[in-house]
Amino acid sequence: MGKDVIVACDFNTAEETLRFLDNFTEEKPYVKIGMELFYAEGPEIVREIKRRGHKIFLDLKLHDIPNTVKKAMAVLSRLDVDMCNLHAAGTVAMMEAAIEGLTRPDGTRPLLIAVTQLTSTDQERMERDLLINEPLEKVVMHYASNAKAAGLDGVVCSPLESPPVHETCGGQFLTVTPGVRFADGDKGDQVRVTTPEKAKELGSDYIVVGRPITQAQDPVAAYRRCVREFVG
Ligand code: C5P
């Protein structure tokens, strides 16, 4: 599986998103579409970005009963996205149903990645709000193992968690990692950040980069710098 930089297109209109993508005349970055853009513009924005030749990670983080997730995943699969995701907290049965729904009649399917614990959840919140009293890292690794057992392709995690995830689930199990900043860049609201180079060293398979590229003076140069540092 090739390493790649995924650009988080956190815009809320198609117009702004497409104007941003117009900057890229030579390369076709892998694009992440999140809830904000998808809820604003619907499936048509996915089709338009696909038509322009980009790969798409559709970050909608599904979590519902197995039958509902299976049917929703079948719709996303027909949209021809390349990667999508769900919450591992929905259980192994839900993840298995998701794989079933995603798989096309010819046996192909988009990559399916699990969110373990959101990076906005810390030990205190997990204990207080979710009544989970195990150490956070143990919970993350348990959810990653469940995702692997259900046949998923990987997890979204911090680059710092890539080594233990690969140790627990094997080197082929993908780690898709946000929280990436240039050494000389602004952190924004991200706390545990690593550089693209460090993410490479830690074995991340994909880095998800938003503001360091979307808000850069020269987004193409920032994207190229990420690729140079992460892919080499
Ligand atoms: O702008 P920035 O590089 O911080 O964007 C990171 C992207 O990755 C955002 O779209 C954010 O929602 C997403 N993300 C994250 N942390 C997670 C999961 C997703 O930052 N744990």
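Numbering of ligands and ligand atoms starts at 1, following listing order. Predicted model, so just to flag it, every value in this text is computed and none were measured.
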Residues T108 and R104: side-chain donor-acceptor under 3.5 angstrom: yes
Are H87 and D64 linked by a side-chain donor-acceptor pair shorter than 3.5 Å? no
Can you find a non-hydrogen atom of L118 under 4.0 Å from ligand 1? no
With a 4.0 Å cut-off on heavy atoms, does Q215 reach ligand 1? no
Would you check if the side chain of [X] reaches a backbone N or O of [Y] as a donor-acceptor pair within less than 3.5 Å?
{"X": "T214", "Y": "P219", "value": "no"}
{"X": "D129", "Y": "M126", "value": "no"}
{"X": "N85", "Y": "K61", "value": "yes"}

Identity and separation of the nearest protein heavy atom to [atom]:
{"atom": "atom 20 (O) of ligand 1", "value": "Q190 NE2, 2.8 Å"}
{"atom": "atom 21 (N) of ligand 1", "value": "T119 OG1, 2.8 Å"}
{"atom": "atom 13 (C) of ligand 1", "value": "K32 NZ, 4.0 Å"}
{"atom": "atom 10 (O) of ligand 1", "value": "D10 OD2, 2.8 Å"}
{"atom": "atom 8 (O) of ligand 1", "value": "P178 CB, 3.5 Å"}

Distance-only N or O hit between ligand 1 and [X], under 3.5 Å:
{"X": "K61", "value": "no"}
{"X": "G210", "value": "yes"}
{"X": "R181", "value": "yes"}

Under a 4.0 Å N-O cut-off, is there an ion pair linking [X] with [Y]?
{"X": "D184", "Y": "R225", "result": "yes"}
{"X": "R19", "Y": "E16", "result": "no"}
{"X": "K148", "Y": "D153", "result": "no"}
{"X": "R224", "Y": "E27", "result": "yes"}

Under 4.0 Å, heavy atoms only, figure out whether ligand 1 is touched by the backbone of P212, its side chain, both or neither. side chain
Numbering as shown, the atoms of ligand 1 that approach R211 to under 4.0 Å (heavy-atom distance): 1 (O), 2 (P), 3 (O), 4 (O)
Considering only heavy atoms of A8, which atoms of ligand 1 have at least one such atom less than 4.0 Å away? 7 (C), 10 (O)
